[in-house]
Amino acid sequence: MAYDEPGRSGQSESAPVGSTVDTDTVVDDRQNGEPGGDRFGVYVLWETLLLLGFAALVYLLWLENPTALRGSGLRALIVDVVALGLLALAAGLTLRTAAVNLAIGPVAVAAGLNFAEQSDRGLLVAVGTPAAVAAVGGLVLGLVVVLLHVPGWAASLGAAAGVVVYIEQRAAPVLVQGDYDPRDIAGQLFVGFAALTVIGGLFGAIGPIRRLVGRFRPVADPARRRGVAAAVVTTGGYVCSTVLAMLAGVLLASSDDAVTPGDGLDWTVLAVGAVLLAGTSAFGLRGGVFGTLLTVGAVGLFLAYAQARGWTVSRWVVGGAALAVGLAVTRLVERYGRPVVGPPRPVSPPAAGDPAGGAGGWAMSQPEPVGDWPPVLPAQSTGDPTDPWGPRRWETNSPIWQADDR
């Protein structure tokens, strides 16, 4: 008998009989998945444009204020870029999982306020305790999203409201009690952030990892559950993003003399806008490799350039502009980055005498068709009128019996 199982030997369920598709079109989610690998040409093109924009901003800032790109000015700029970059990583990770975390901005502000109050008690207390609290909060938020299977933006917005209640307990700016200055290790911070961003992007470019991370992305009915693997990855994304937002708040607080209470949603808008502008899809799953690093650097350079020119630019304006352009980039990525499944290739006929039928041993040659069943009795001849069921010839015409009669 022949085996006709979907997925055997690269055979697609939707492919017609007598054709095959490439083995790299097999997907993890056979029912709803999109076969084929994403096209990365659109990311190469867009990230090249981002690199040109980054270089242009470096040139403009150098013309306006050269001291911002060397010495203490450069170290301060790097710390600001890394802090924004950690928020962008937090937003990008949850966007890749298709469950964005909108609470990252309020979490950063709350962590900054806590660090300002506790920084004189050592880094273990000022950073370790809020990191544990952030991890637990991210875990609870992730469980709410995956167990109830509700949109991540709605659940995280509710979490942001709870964090804002904590922030509103402070009515005045909080002075930083400790003397820790991250600008002393600005170079190490930038190298670590750049490595984390690029390595994460490279892992996200691997097909199986890419599909696994974005498995929570809605298909068909958005309320349909996406499985245990999607739930685990999404919950882990919330935990990591909340901890990254907490670290960003610590960097922002430690580089200033005081932390001003605020809702922090402007930081959320700026981070999400930067990630969308970097090429991460608002629908989840898709994203580039160097886009986040280039975009965060460009935003930091623009803010420094605006300050050097004496402009008053709020984070709401920059974040809103980045969101507007980022939504257009999402359409570009979804249009030209999705896989293209070519026409099925015809199956070559099996070689003569091949018992496996050319199918890797899973198919056997079909037997020849059998005749009619039940078989038809042969037609009786009309030349001999002798009844075949009558007396046998030897009973009447035998010579022995004739001799006895004589």
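Below, all heavy atoms of this structure are taken into account, side chains as well, without hydrogens, waters or symmetry copies.
The two residues Val79 and Arg183 come nearest to each other via the heavy atoms CG2-CG, 3.7 Å. In plain terms, the two heavy atoms of Val109 and Gly264 that are nearest each other are CG2-CA, 3.7 Å. Taking both residues in full, the closest heavy atoms of Pro182 and Leu251 are given as CB-CD2, 3.7 Å, listed atom of the first, atom of the second, then distance. Nearest heavy atom pair, residue Val269 against residue Gly320, reads CG1-N, 4.0 Å. Among all heavy-atom pairs drawn from Ile104 and Ser241, the shortest one is CG2-O, 4.2 Å. The minimum heavy-atom distance linking Val296 with Ala88 is given by the pair CG2-CB, 3.7 Å.
A distance-only check finds a donor-acceptor pair linking the side chain of Arg96 to the backbone of Gly287 [under 3.5 Å]. A side-chain donor-acceptor contact under 3.5 Å links Arg226 to the backbone of Arg217. Of the possible polar contacts, none joining the Arg286 side chain to the Ala282 backbone as a donor-acceptor pair under 3.5 Å is found. Counting only distance, with no hydrogens or angles, the side chain of Thr234 and the backbone of Ala231 share no donor-acceptor pair below 3.5 Å. Of the possible donor and acceptor atoms, none in the side chain of Arg211 sits under 3.5 Å from a partner among the backbone N and O of Leu285. Glu47 contributes a side-chain N or O that, together with a main-chain N or O of Val289, makes up a donor-acceptor pair within less than 3.5 Å. Proximity of a side-chain donor or acceptor of Trp46 to a complementary backbone N or O of Leu277 within less than 3.5 Å is detected. Listed for the Arg225 side chain is a donor-acceptor partner under 3.5 Å among the backbone atoms of Val146. With hydrogens and angles disregarded, no donor-acceptor distance shorter than 3.5 Å links the side chain of Tyr305 to the backbone of Trp62. A donor-acceptor pair under 3.5 Å is formed between the side chain of Asn101 and the backbone N or O of Ala103.
Side-chain contact between Arg75 and Phe190: absent, with no pair of heavy atoms (C-beta onward) separated by less than 4.5 Å. The shortest distance between side-chain heavy atoms of Arg224 and His149 does not fall below 4.5 Å. Val272 has its side chain within reach of Leu323: a pair of non-hydrogen atoms, C-beta onward, lies under 4.5 Å apart. At least one side-chain heavy atom of Leu95 sits less than 4.5 Å from a side-chain heavy atom of Leu276. The shortest side-chain heavy-atom distance between Phe54 and Thr295 does not fall under the 4.5 Å cut-off. The shortest distance between side-chain heavy atoms of Asp184 and Asp181 falls below 4.5 Å. At least one side-chain heavy atom of Leu270 sits less than 4.5 Å from a side-chain heavy atom of Val299. Counting heavy atoms from C-beta on, the side chains of Pro106 and Leu265 come closer than 4.5 Å.
One finds the CE atom of Met246 at 10.0 Å from the CG atom of Leu86 (value rounded to the nearest 0.5 Å). Expressed to the nearest 0.5 Å, how far CH2 of Trp316 lies from CG of Asp266 amounts to 5.5 Å. Asp120 contributes atom CG, which lies 9.5 Å from atom CZ of Phe115 (distance to the nearest 0.5 angstrom). Taking CZ from Phe216 and OG1 from Thr97, the interatomic distance works out to 8.0 Å, rounded to the nearest 0.5 Å. Note: Leu113 CG to Gln118 CD = 11.5 Å, rounded to the nearest 0.5 Å. Rounded to the nearest 0.5 angstrom, Leu143 CG and Leu148 CG are separated by 10.0 Å.
Ser156 pairs with exactly one of Thr268, Val145, Leu141 by the side chain to side chain contact (heavy atoms under 4.5 Å, CB included) rule, that one being Leu141.
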For the pair Phe203 and Val213, evaluate side chain to side chain contact (heavy atoms under 4.5 Å, CB included) and give the outcome as yes or no after the intermediate values. CA-CA 10 Å; Phe203 272 102; Val213 171; over 6 Å; no
Let's go through Leu303 and Gln307 carefully: what are the C-alpha distance in whole Å and the side-chain angles of both, what is the deciding distance for side chain to side chain contact (heavy atoms under 4.5 Å, CB included) to 0.1 Å, and is it a yes or a no? CA-CA 6 Å; Leu303 293 176; Gln307 184 179 3; over 6 Å; no
Might you work through the side chain to side chain contact (heavy atoms under 4.5 Å, CB included) test for Thr280 and Val329, ending with a clear yes or no? CA-CA 8 Å; Thr280 303; Val329 175; over 6 Å; no
Please assess Leu89 against Val275 for the test side chain to side chain contact (heavy atoms under 4.5 Å, CB included), listing each intermediate value before the final yes or no. CA-CA 8 Å; Leu89 277 179; Val275 172; over 6 Å; no
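The aromatic rings of Trp311 and Phe302 sit tilted relative to each other, their planes meeting at an angle between 30° and 60°.
Few gaps surround OH on Tyr180; more than 12 heavy atoms of other groups in view lie less than 6.0 Å from it. Enclosure of atom CG in Leu124 is not indicated, since only 12 or fewer non-hydrogen atoms of other residues, nucleotides or ligands lie within 6.0 angstrom.
Inspection of the Gln177 and Ser119 side chains reveals no N or O donor paired with an N or O acceptor under 3.5 Å.
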